[in-house]
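Everything on this sheet refers to the single structure shown next.
If you're wondering where the values come from, they're calculated on a predicted model, not measured in any experiment. Protein chains get the first letters and strands the later ones, always in sequence-line order, with residue 1 at the start of each.
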2 protein chains.
Amino acid sequence: MAALEKVEEHRSHSGVQGVYRHGSTSTGTEMTFSVFVPEHEEGAKLPVLWFLSGLTCTHANVTEKGEYRAACAEHGVIFVAPDTSPRGEDVPDDEAYDFGKGAGFYVDATEQPWAKHFRMRRYVEQELPAILAEHFPVDIDRQGITGHSMGGHGALTIGLRNPDRFRSVSAFSPIVSPLNCPWGEKALGGYLGPDRDGWREYDACALIEDGSRLEHLLVDQGTGDDFLESQLKTHLLAEACEKAGMPVEIRMQPGYDHSYYFISSFMAEHVGWHAERLKD
Amino acid sequence: MAALEKVEEHRSHSGVQGVYRHGSTSTGTEMTFSVFVPEHEEGAKLPVLWFLSGLTCTHANVTEKGEYRAACAEHGVIFVAPDTSPRGEDVPDDEAYDFGKGAGFYVDATEQPWAKHFRMRRYVEQELPAILAEHFPVDIDRQGITGHSMGGHGALTIGLRNPDRFRSVSAFSPIVSPLNCPWGEKALGGYLGPDRDGWREYDACALIEDGSRLEHLLVDQGTGDDFLESQLKTHLLAEACEKAGMPVEIRMQPGYDHSYYFISSFMAEHVGWHAERLKD
């Protein structure tokens with residue numbers, strides 16, 4: 001059994017909000033994540049909703065500001081928030097906020113010096129689910145995934161690559177096509193090298209173009225988001241889905257920005273939407 | 001009209017979460033506070049709920065972690081969160097977390113060097129309400145007040161001294177009797193001097209003993225709160241209310257600690273409880 005260190009636990013909304021740390025075989029570092037387990041019957045296994053965070057964030061941002069616990073308690077859903085990159089003195093970094101620590105982009109890096117530690121794809125897709133199944137009352141057959149901005153990109157791409165694992169995928173203000181925005185070009189170029197064909201498995205629009213499909217996809221995007229035109233480009237996702245004949249619900253939310261004030265406004269709806277699709 | 005500087009505004013839960021700054025005549029410093037205004041009909045005046053924060057906090061803690069906006073939007077209640085002390089280089093401070101900046105205890109200090117700036121009673125009782133009435137769609141005849149820990153002490157004492165102004169008073173893990181706990185003895189001794197008779201108007205239990213009454217009082221207190229026995233002493237409030245024949249609902253919440261994970265668990269209930277008493 002993989003060892004798990006309890007960093008903190010708090011009773012909240014009749015359940016337990018915890019923060020945990022473990023040595024990761026994927027990243028070769030310690031990794032910290034948070035889990036909310038709602039009140040449940042002894043022995044019950046609950047569906048789980050993953051939340052992948054955006055640039056500069058750790059598990060803490062959504063844990064403190066996400067306003068998900070009331071809805072998770074109501075619907076009996078476990079909520080998991082991983083970190084956005086490996087951390088530690090041995091881990092290479094970049095001075096910019098959008099590359100290196102806090103900006104793992106949920107890829108397995110192939111370029112040096114990133115390849116050794118920046119293996120967030122493997123961490124989120126394989127290692128952390130196994131740890132969850134070992135230590136928490138998770139029904140691993142009922143998983144949904146969501147995320148914000150870079151984490152919305154993570155949720156979309158991980159969901160699209162693993163449609164059998166995730167019954168439901170949603171996102172808040174996601175980067176929908178790293179191939180077509182400055183954040184994406186910098187990060188995927190840095191982590192994966194100049195061959196843009198290799199980036200396609202990390203680009204939601206390209207994955208859809210190449211044949212990946214989701215049954216259930218919900219996206220909320222604020223119209224007052226400063227990154228909408230330059231980085232997020234929601235319309236590219238709408239176009240890719242339309243071209244592929246893939247159903248998607250994209251809601252342009254008037255006046256909302258890129259902050260947790262936006263995320264928290266629609267979090268309860270997302271939790272309910274996932275819960276509906278993760279029943280039994 | 002007193003000038004008000006907008007620090008930030010975000011659309012949230014269909015309303016507007018703002019942070020504002022102004023020059024305070026009470027404290028002689030700039031003061032920052034947050035206000036959430038829910039969606040409302042043009043020209044409508046809404047009831048207002050005050051939240052006074054605890055030691056070390058600013059307006060930001062409850063604004064980010066309090067989970068009040070959904071309930072305030074549902075009930076049409078404005079939510080105001082002041083700072084806990086004056087700030088700035090000219091303001092005297094103490095090295096400890098429980099005295100000086102971040103620890104104003106909602107008193108008007110009489111002792112030096114505190115008396116010049118530490119006038120949080122006047123600020124919260126008189127100056128900020130007038131600013132709110134000028135700049136926000138507040139129905140000043142419908143006010144409720146709540147708070148946490150030191151801010152619970154603030155809510156109780158300000159409420160008890162102004163029963164005509166606040167129709168409803170509640171608190172999360174309040175310091176119920178500064179006369180009888182180390183935090184209170186240090187702060188009131190420091191700000192008000194050694195004459196303990198002068199502390200009584202800043203002590204909820206003493207105010208009740210001296211004849212102040214509230215019509216509606218709700219208190220939530222976690223049983224897993226590390227400060228319960230040494231500082232908060234909820235039983236003293238229960239005893240004072242019983243002796244005075246004053247109705248109070250004190251709920252001991254099993255397993256909850258002193259954190260915002262506790263506050264946010266019961267915030268929606270408090271907002272709804274106040275809203276019920278602030279109708280029309």
#### Entry: Heavy-atom proximity to chain A below 4.5 Å, by part of B/Glu67
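For B/Glu67, the contact with chain A is made by backbone and side chain together.
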#### Entry: Residues of residues 30-63 of chain A within contact distance of chain B, non-hydrogen under 4.5 Å
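Residues in range: A/Thr63.
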### Query
Of all the residues in residues 71-83 of chain A, which have a heavy atom that comes within less than 4.5 Å of a heavy atom in chain B?
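Result: none.
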### Query
Using a cut-off of under 4.5 Å for heavy-atom pairs, which of A/Pro254, A/Ala268, A/Ala70, A/Gly224 has the most such pairs with chain B?
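Of the options given, most contacts go to A/Pro254.
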### Task
Return the set of residues passing side-chain contact (heavy atoms from CB on, under 4.5 Å) with A/Lys65 (not counting sequence neighbours), or none when no residue passes.
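A/Tyr260, B/Glu64.
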### Query
Roughly how far, to the nearest 0.5 Å, is CD of A/Gln253 from OG of B/Ser14?
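One gets 8.5 Å once the value is rounded to the nearest 0.5 Å.
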### Query
Partners of B/Glu8 by salt bridge (charged side-chain N to carboxylate O under 4.0 Å, His left out), sequence neighbours excluded?
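Not a single residue meets the salt bridge (charged side-chain N to carboxylate O under 4.0 Å, His left out) criterion with B/Glu8.
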### Query
Is the number of heavy atoms from other residues, nucleotides or ligands within 6.0 Å of CD (B/Glu5) greater than 12?
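Counting neighbours around CD of B/Glu5, more than 12 heavy atoms of other residues, nucleotides or ligands fall under 6.0 Å, so yes.
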### Task
Check whether any side-chain N or O of A/Arg69 sits under 3.5 Å from a backbone N or O of B/Ser265 as a donor-acceptor pair, and report yes or no.
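Pair absent, no side-chain N/O of A/Arg69 close to backbone of B/Ser265.
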### Query
Under 3.5 Å, side chain of A/Tyr261 to main-chain N/O of B/His13, donor-acceptor pair present?
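A pair under 3.5 Å: no.
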